[in-house]
Amino acid sequence: MSTTTPPAVGGLTSQELLAGYRTMRVIREFEERLHREFATGEIPGFVHLYAGEEAIAAGVISHLNDDDYVASTHRGHGHALAKGCDVDGMMAEIYGRYDGICHGKGGSMHIADLSKGMLGANGIVGAGPPLVCGVGLTARIRKTAQVGVSFTGDGGSNQGMFLESLNLAAVWNLPVVFVVENNGYAEATSNEFHSSGLDVAKRADGFGIPGVVVDGHDFFAVHEAAGEAIGRARRGDGPTLLECKTNRYYGHFEGDQQTYRAPGEVEELRATRDCLDGFRAAVTEGGLIAAAELDAIDAEALAQIESSVARAKAAAVPDLSEVLTDVYVDY
Amino acid sequence: MTSVGVIANPASGRDVRRLTSGASVFDNAEKASMVLRLMHGLAASGIDEVVMMPTAPSVAGVLRRQLATRQPPGSAPLPALRFLDQPVTETARDSERAVAAMVAEGVAAIVGLGGDGTQRLIARGCGEIPLCPLSTGTNNAFPEMREATVAGLAVGLVASGRAGTDGLRREAALHVRVERAAGDRDPVEDLALVDLAVTGQRFVGARAVSRADDLRELLVTHASPSAIGLSSVAAALDPVRRGGRQGLHVRLAPVAAAPRRVVVPLAPGVVVPVGVRDHRRIALGEAVELEPADGSIALDGEREIELRRDDRALVRLVAGPRTVDVDAVLRAAAHEPRRALATA
């Protein structure tokens with residue numbers, strides 16, 4: 001049973017700061033490398049990259065324990081890495097190799113590792129919230145202090161099951177947090193054209209639960225608000241809708257020509273809103289962490305990703321005899 | 001032509017205080033409705049135009065729909081509504097740009113719909129243009145919770161020149177300048193309208209200050225015993241009148257270590273003890289050097305400036321914006337026929 005309480009607001013230790021930075025940097029290197037590797041044609045299926053949104057996965061999931069659950073999206077690499085899924089196993093999975101954490105049969109959009117509380121990436125838009133309602137109900141019935149956190153995009157927040165989940169969680173007072181990663185686009189449709197009202201968080205009002213907006217580029221803002229929301233869930237005070245305003249650096253999927261974005265939009269975001277740059281400035285200028293420590297993490301993350309790609313490329317694909325294994329579960 | 005500027009911050013009423021306190025939610029449809037009611041008040045004084053900061057569709061769209069449908073019979077023609085031509089970034093930059101544009105156009109008054117943070121952004125840029133700050137939430141110490149129709153009547157009288165300057169109140173403000181010891185960080189200057197606090201929280205983060213245990217110092221421009229928020233600490237020690245020439249400087253400590261404690265409403269639904277070391281009045285123009293600390297400076301309840309122990313932070317009580325005293329304007333109008341709405 002989990003009894004961990006979130007750290008005091010703003011009370012991040014050096015270890016927690018370094019861990020947060022490492023999570024974000026590993027995700028960034030993972031995604032930047034996949035962006036290049038996917039273009040070679042060697043990776044099967046689709047990939048949806050999380051670059052630009054790292055502060056959300058790192059800031060939210062740092063409050064969770066292994067026995068807390070995360071239900072992710074099609075853009076799920078960042079959530080899986082932050083939840084502790086093995087980097088080599090993730091890369092091999094995306095390459096469709098037997099060494100992958102789902103033996104290469106899940107791929108980018110179905111990465112899951114139940115031992116880490118990672119319920120999986122999910123190809124169905126908006127499907128995470130109902131899953132964590134199940135987590136929440138289980139935790140309540142079994143009287144554990146577990147928490148479920150779902151991630152959904154702004155597009156997913158327009159799915160009926162997202163709103164149904166808010167209602168169900170509110171009615172049953174479930175220990176869940178619905179995180180909305182609002183990156184401004186549902187695939188190619190800007191939210192000016194797909195959402196009525198500025199904030200998804202506002203929809204929480206209708207269900208009588210708190211809705212909060214934070215800057216999803218800011219690790220500290222996400223970490224603090226998520227700590228409050230997760231602490232609230234763990235104490236039995238019910239669900240929260242946490243909307244993080246963010247941006248993605250790449251297309252909806254790799255290969256997306258992004259004709260719906262303004263020229264220079266991404267370059268401007270990278271120059272002015274980058275979560276890693278913002279974190280580095282805050283902790284070095286604040287005299288909390290030396291730049292050299294962050295540089296060392298950068299180098300380690302780069303080497304780790306380099307090694308994971310080499311391993312994945314060298315690994316075997318699943319044997320034909322594996323086609324029907326891991327498909328059904330015997331009860 | 002007489003124009004009145006309106007800044008309605010679509011992002012206000014959404015921050016982390018919905019989790020850390022009992023702060024209520026103020027939705028954007030209600031903000032749009034407030035603007036419409038304000039316009040009916042302004043119409044009674046013959047104000048020609050309302051100039052608004054453009055926002056994403058949530059406020060502007062609702063307002064346009066309401067303008068097309070709600071015109072009570074017998075009411076004066078509404079002012080024309082014009083949105084400024086500027087990009088919408090959904091950041092504080094929108095309000096800053098809009099205030100600068102309104103000042104350049106020479107609007108006769110600015111109405112701010114938002115919390116203390118929104119009002120501070122307007123106050124930093126509006127100079128001598130009268131400001132009418134209207135609250136859109138339960139957290140605020142500077143803007144008033146007031147029916148927008150009535151505020152519109154008073155602002156209309158001020159903007160059309162009929163109220164003179166009698167109904168304007170000179171507010172005080174706390175100017176802060178932080179000199180950085182380490183080389184590559186720029187000095188920072190900013191303004192608080194009600195309170196400035198030093199907290200032990202190192203990062204601006206989710207901004208709101210909702211806890212008392214790591215507060216170190218507090219300065220206020222005024223302290224009303226009925227206020228909510230940080231200034232309630234000062235009010236419990238020595239209430240200070242709004243618009244006067246004095247403020248208060250309070251030094252705080254953890255409750256267990258403090259020689260004195262006061263129980264105050266720190267946030268909606270949060271009534272807690274706060275430890276006090278000492279307090280004293282400060283005069284207009286007086287400067288206070290903050291004690292060296294690692295933490296952050298909160299302006300009007302929101303962390304804004306990250307602070308290092310080797311920084312030097314100087315706070316001065318200065319003259320702030322001129323605000324519309326709605327009661328005083330309407331009282332004068334009742335007594336002096338030349339100011340009354342009936343002569344319009």
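Within every chain, numbering begins at 1; the chains are lettered A, B, ... in the order of the sequence lines, protein sequences first and strands thereafter.
Within a 6.0 Å sphere centred on CZ of B/Arg261, heavy atoms belonging to other residues, nucleotides or ligands number 12 at most.
Distance CZ/A/Phe220 to CZ/B/Arg303: 11.5 Å, rounded to 0.5 Å. Distance check: B/Arg207 CZ to A/Asp218 CG gives 8.0 Å after rounding to the nearest 0.5 Å. The structure places CG of A/Asp215 at 13.0 Å from CG of B/Asp15, a figure rounded to the nearest 0.5 Å. Rounding to the nearest 0.5 Å gives a distance of 9.5 Å between CZ of B/Arg18 and CG of A/Asp205.
Of all heavy-atom pairs spanning A/Ala225 and B/Ala206, the tightest one is N-CB, 4.5 Å. A pairwise comparison of heavy atoms in A/Glu285 and B/Arg308 identifies O-NH1, 2.7 Å as the closest pair. Here the shortest heavy-atom pairing between A/Glu224 and B/Val204 reads OE1-O, 4.5 Å.
Between chain A and the options B/Gly295, B/Ser296, B/Ala208, B/Gly205, the largest number of non-hydrogen pairs under 4.5 Å is found for B/Gly205.
Distance alone, capped at 3.5 Å, is enough to place a donor-acceptor pair between the B/Arg202 side chain and the A/Gly286 backbone.
Contacts of A/Leu17 with chain B are made by side-chain atoms alone, with heavy-atom separations under 4.5 Å and no backbone atom involved.
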